[in-house]
Enquirer: 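Handing you this structure, nothing more for now.
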Amino acid sequence: MDKASPARGAIRRLCYHAWFTILRCLGLSSAVFNCDLHCHSTCSDGLLAPADVAARAAANGVDLLALSDHDSLDGLLAARSAAAAAGMGFVNGVEISIEWQALQIHILGYAFDSSHQALNAGLESIRAGRVDRAQQMSSELEKVGIAGAFDGAMRYAANPSLISRAHFGRFLVETGVAKDLRSVFESYLVPGRPGYVDHRWATLADSLAWVHAAGGLVAVAHPGRYKLTRAEMRRFLAEYKDLGGEAIEVVSGSHTQEHVDTFGRYAREYGFLASRGSDFHGPGESYFDLGQLAALPDGLKPIWKAF
């Protein structure tokens, strides 16, 4: 991918989603049910506390919110209470880190029993080892002249057991190593770059089994972000469907119009429900704010109708 590609992708994302924001500002989109089913708080790698995420979503006109922190359910109660206070709908959510054919992929779980033992035990198994991984990441960064990364990243991790690449990214931006979080990931925190350390995540089968056992539904998070060929994506989606996968995230803060068209077609072909989420992490750090995405394309079955 050439250096101009990220900028072109950002422009395509802005062009696709801008019309929805304009319509909402003009008060012309009241008929559109505004769901945001993908966002993060300080309980994983977001910048805002769970209650503040919910309050911001309500202020932005979100009708139904799912807090979907990485491998953690800790923020659900506070977010649900804040949503209720604001008169906004809320559904339990989580983003589960899995590994499929040596590639990290994220699975979103929705509308589950957050007290279910198997789900909680599974998420705990993923969280185990994150601190060791972070120490290894720090050692790798030190080899290229970046010292103090572990302690620096920990300052950003409200939940130390969920220290992640995003926390390292914020430290590297703070120290001037890179201009923004996206630049950090491109240069340091992805496979093949200094600072990336692999981690053993859950399997696809495990993640679906945990959520289904807790009475929930699953969706593939931002499928346009994965470096899969068309044939590999079809193999993944076929396996996902065979395991009982119900949905894919068609409209995402990191998707372009081309992604939306592609995964809209896959949703129709495989009979998946369609999900929609901003993947909001914090002001100034995300492609789009809460609730500021375009609506789902016509003809798709929204996942929220199954909640």
Enquirer: Does the side chain of Leu123 come within less than 4.5 Å of Val94's, by heavy atoms?
Expert: yes
Enquirer: Could you work out, with side chain to side chain donor-acceptor pair (under 3.5 Å) as the rule, every residue matching Asp261, not counting sequence neighbours?
Expert: Gln257
Enquirer: Would you find more than 12 non-hydrogen atoms of other residues, nucleotides or ligands less than 6.0 Å from Leu77 atom CG?
Expert: no
Enquirer: Thinking salt bridges, do Glu269 and Lys241 make one under a 4.0 Å N-O criterion?
Expert: no
Enquirer: Contact between Asp36 and Asn60 at the side-chain level, heavy atoms closer than 4.5 Å - yes or no?
Expert: no
Enquirer: Please confirm whether the ring centroid of Tyr226 lies under 6.0 Å from the ring centroid of Phe236.
Expert: no
Enquirer: Keeping the roles fixed (side chain from Ser125, backbone from Gly122), state whether a donor-acceptor pair exists under 3.5 Å.
Expert: yes
Enquirer: Could you check whether any side-chain heavy atom of Arg130 comes within less than 4.5 Å of a side-chain heavy atom of Asp71, counting everything from C-beta outward?
Expert: yes
Enquirer: Is the centre of the Phe171 ring less than 6.0 Å from the centre of the Phe168 ring?
Expert: no
Enquirer: My understanding is that only residues two or more places apart in sequence, or in another chain, count here; which of them pass ring-ring contact (aromatic ring centres under 6.0 Å, His included) with His70?
Expert: His40, His106
Enquirer: Should Ile96 and Trp201 count as side-chain neighbours, where that means a heavy-atom distance under 4.5 Å?
Expert: no
Enquirer: State whether a side-chain donor-acceptor pair under 3.5 Å links Asp45 with His167.
Expert: no
